[in-house]
Amino acid sequence: MAFMKTSNSHSVLLKHILKRCSSMGMKQPQQYEDVPKGHFVVYVGKNRSRYIIPISFLSRPEFQTLLLQAEEEFGFNHDMGLTIPCEEKVFESITSMLG
């Protein structure tokens with residue numbers, strides 16, 4: 001990717017994402033009842049397919065790159081949930097390597 005951020009920026013980004021994920025769960029609990037503790041929901045691709053992923057992915061550089069893309073494309077102040085702007089197959093490939 002053509003952009004880089006400092007580790008401090010990564011920490012701020014991760015804290016913001018965790019806060020956003022937990023606040024979304026409080027606003028709409030029925031939508032997140034199936035999300036196990038230690039996991040969160042992201043939406044991926046044009047169809048916004050829903051994925052439940054471990055919070056531990058947030059610390060991985062590969063996943064942080066996806067989060068930075070999401071921040072650049074959508075920002076984090078919208079009501080669409082955390083949306084990752086990549087094809088589902090690419091997302092599945094990346095997350096399968098992380099798990």
Side-chain angles (χ1 to χ4, degrees):
M1 297 291 140
F3 52 87
M4 299 199 76
K5 300 241 180 191
T6 64
S7 60
N8 188 37
S9 294
H10 283 285
S11 297
V12 171
L13 176 64
L14 294 177
K15 287 178 184 176
H16 180 76
I17 292 167
L18 285 172
K19 184 177 178 182
R20 176 85 169 139
C21 290
S22 63
S23 68
M24 286 187 315
M26 287 188 282
K27 290 179 188 172
Q28 300 172 357
Q30 74 281 0
Q31 188 176 5
Y32 297 97
E33 287 178 353
D34 63 331
V35 180
K37 187 173 184 170
H39 291 72
F40 68 104
V41 174
V42 296
Y43 299 92
V44 180
K46 292 178 184 177
N47 294 326
R48 295 192 68 241
S49 297
R50 184 175 186 259
Y51 289 84
I52 299 172
I53 59 172
I55 288 176
S56 63
F57 282 12
L58 291 173
S59 64
R60 302 292 298 269
E62 301 90 339
F63 196 78
Q64 288 177 6
T65 299
L66 294 174
L67 294 175
L68 292 171
Q69 290 174 343
E71 180 184 31
E72 287 181 353
E73 185 158 333
F74 303 113
F76 292 121
N77 293 322
H78 60 81
D79 294 329
M80 296 175 10
L82 182 55
T83 304
I84 307 292
C86 73
E87 294 180 22
E88 288 181 59
K89 289 182 181 185
V90 172
F91 180 81
E92 290 172 0
S93 175
I94 291 171
T95 55
S96 70
M97 291 186 295
L98 299 177

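All residue numbers refer to positions in the sequence shown, counting from 1.
Scanning all heavy atoms of the two residues, the minimum distance from Ala70 to Thr83 falls at CB-O, 3.1 Å. What you find for Leu66 and Cys86 is that their closest heavy atoms are CD2-SG, 4.1 Å. Minimum heavy-atom separation, Arg60 to Leu98: NH1-O, 3.3 Å.
Atom-to-atom distance recorded for Ser93:OG and Glu62:CD is 11.0 Å, nearest 0.5 angstrom.
Residues Leu82 and Leu67 form a side-chain contact, since some pair of their non-hydrogen atoms from C-beta on lies under 4.5 Å apart. Side chains of Arg50 and Val35 form a contact here, defined as non-hydrogen atoms less than 4.5 Å apart.
Panel note: side chain Gln64, backbone Leu58; a donor-acceptor pair is recorded below 3.5 Å. Side chain of Ser96 to main chain of Glu92: a donor-acceptor pair is present (N/O by atom type, distance under 3.5 Å, no hydrogens or angles).
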Item to check | Step-by-step side-chain contact (heavy atoms from CB on, under 4.5 Å) determination, Phe40 to Ile53 | outcome: CA-CA 6 Å; Phe40 68 104; Ile53 59 172; 3.5 Å; yes

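Scored by the salt bridge (Lys or Arg N to Asp or Glu O under 4.0 Å) test, Glu73 finds no partners at all (sequence neighbours excluded). Among residues two or more places apart in sequence or in another chain, the side chain to side chain contact (heavy atoms under 4.5 Å, CB included) test is passed with Ser49 by Asn47, Tyr51, Glu88.
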